[in-house]
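The block underneath contains the structure these notes are about, expressed in structure tokens.
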There are 2 protein chains.
Amino acid sequence: MTTGRNASTPLRGRIDKRAAILDAALRVFVQEGYGLARVETIAERAGVAKPTVYNHFRDKENLFRTVILDGAQRTGDRIVAALDLLPDDGADLAGALTRVARNVIDCQLNDEGWALQRLMYAEAARFPDLFDDALRLGGAHVHIALAGRLARLAHRGHLDIDDADLAAGHFLALVSGDLPTLSALGTRAVTDHDLQAAIAAGVNTFLRAFNATPPDPNRRPAPTTRASTSR
Amino acid sequence: MTTGRNASTPLRGRIDKRAAILDAALRVFVQEGYGLARVETIAERAGVAKPTVYNHFRDKENLFRTVILDGAQRTGDRIVAALDLLPDDGADLAGALTRVARNVIDCQLNDEGWALQRLMYAEAARFPDLFDDALRLGGAHVHIALAGRLARLAHRGHLDIDDADLAAGHFLALVSGDLPTLSALGTRAVTDHDLQAAIAAGVNTFLRAFNATPPDPNRRPAPTTRASTSR
DNA sequence: GATATATTAAACTCGATCGTTCAACATAAT
DNA sequence: ATTATGTTGAACGATCGAGTTTAATATATC
């Protein structure tokens, strides 16, 4: 065991040990839950001695809080960045929305994204304030950014939206609502097929509700990749 | 301490001690998480001695599994029962859907419902099979029941739905997608006003997408139901 | 090279918790 | 009244984990 300072432990600079600890801590916290996660395990997985953990972070609780807030920040930023690929013109709205949804979900289906979500759910009772902070750092930015994009599309006549904030929420709900079930709360891998089907269906419904220029008054906007939706 | 066998301990029948233990266990597990939940605390809250807990349930893990599956079963049954009030005729579709959504949500916003959801999220990594079982017992029934109701409404021409299963998922997502954010994962009470607004908006979008008889081609189906809806 | 700082392994303190054991007690049926 | 079963409080053994201390070592700065 003692994987101490073997050749496998590069002994890189000092600063990034903090990052290594945060990374390992996230994985261990998710796997074991806050209560059963052992600081020594975290130290081992980070390739670091236990006192080093206590040197960087005062105690277990402080480490946990930092893990959550750091992760929420990064995940939120990544999603907001993904929103950049939503064009302002209405060309191929369905395709653009599908790609956006795919990117947003890729950030949340991420090992890290699910891990954070599960951790927050898990420990929301013990750290009530923490969830609010994480939401402000992560979710809120995503919501606002998406709402802004949708509002611009609506303003140019490509979408029929009066409350962009609401529409953004509904878009996210439609497109990712099935994910917890499909992935068993992130513990099971989702097949690409199921994921694409879920996204296509969500985009489809979203456009049925908000598309400003229905190609045919009585038709669904797009046949949307006839997902068999087995189960 | 020793709140032993005072007048405060009714010493009721033997069987319902099992129920009392399950009830207390759910609350304590939710509050503390699986790892930090103390069996002794559960015993105290149930008004029962610790060995009694081990008498009814082999160990902590077995107790936990029983708590989850029991709760999922009951919550699912309650929601399915709530779906009964969705009428088959299309009279006042928006009102009926709103009431259904309200009832479904009341079962999930329930202390117990949130508790179960949070626990499953929390311990999904440690008990992977447990989540699947709970989903089968709880969520699946709800989904199927709602899909059946929607399919009947569609068949009678009141809704424009080709895949009722998908529509059911989208309805639930639209109507309850904002709840985790609003209630801070169930740790904060949601004001009735916010809840009604979220439901109304969800139903509104759902009908924009699936209503078979839009009252006006260019209008939203309902101005978000200013709804007195007592309570 | 000398000095200040960060890291390491190991051992330690201290408290908490699981699951068990046991003697006394309640309850129901015989 | 007696027997069988379930409950109770209390204490116990064993383990486990958070956080600290220490002496030695590696690194960075001067």
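Computation of the quantities below employed the complete heavy-atom set of this structure, encompassing side-chain atoms and omitting hydrogens, waters and symmetry-equivalent molecules.
In this structure, the CG atom of Asn55(B) is 11 Å from the P atom of dT20(C), given to the nearest Å. If you measure from atom CZ of Arg18(A) to atom P of dT7(C), you get 12 Å, rounded to the nearest angstrom. When rounded to the nearest whole Å, the span between OH of Tyr54(B) and P of dG9(D) equals 17 Å. In this structure, His56(A) places its NE2 atom 15 Å from P of dT5(C), rounding to the nearest Å.
In this structure, a donor-acceptor pair under 3.5 Å is absent between the side chains of Asp178(A) and Thr181(A).
Ion pairing of Asp70(B) with Arg65(B) is absent here, as no side-chain N (NZ or NE/NH1/NH2) approaches a carboxylate O to less than 4.0 Å.
Partners of Arg99(A) by side-chain hydrogen bond (donor to acceptor under 3.5 Å, both in side chains), not counting sequence neighbours: none found. Qualifying side-chain hydrogen bond (donor to acceptor under 3.5 Å, both in side chains) partners for Asp23(A), counting only residues two or more places apart in sequence or in other chains: Arg27(A). For Asp163(A), the side-chain hydrogen bond (donor to acceptor under 3.5 Å, both in side chains) test picks out no residue, with sequence neighbours left out. Applying the salt bridge (charged side-chain N to carboxylate O under 4.0 Å, His left out) test to Arg126(A) and every residue at least two apart in sequence or in another chain returns Glu123(A), Glu32(B).
Using a 4.0 Å cut-off, some side-chain N or O of Lys17(B) falls inside it from OP1 or OP2 of dT8(D). Put simply, Thr52(A) has no side-chain N or O that comes within less than 4.0 Å of OP1 or OP2 on dT7(C).
One cannot find a donor-acceptor pair under 3.5 Å joining the base of dG9(D) and the side-chain atoms of Lys50(B).
Considering only heavy atoms from C-beta on, Arg18(A) comes within 4.5 Å of Thr66(A) through its side chain.
Listed by residue number, the members of residues 57-64 of chain A with any heavy atom below 4.0 angstrom from DNA chain D are Asp59(A), Lys60(A). Near-neighbour residues of DNA chain D inside residues 27-39 of chain A, defined by a heavy atom below 4.0 Å, number-ordered: Ala37(A), Arg38(A), Val39(A).
Aromatic rings from Phe127(B) and Tyr34(B) are positioned such that their centres are separated by under 6.0 Å.
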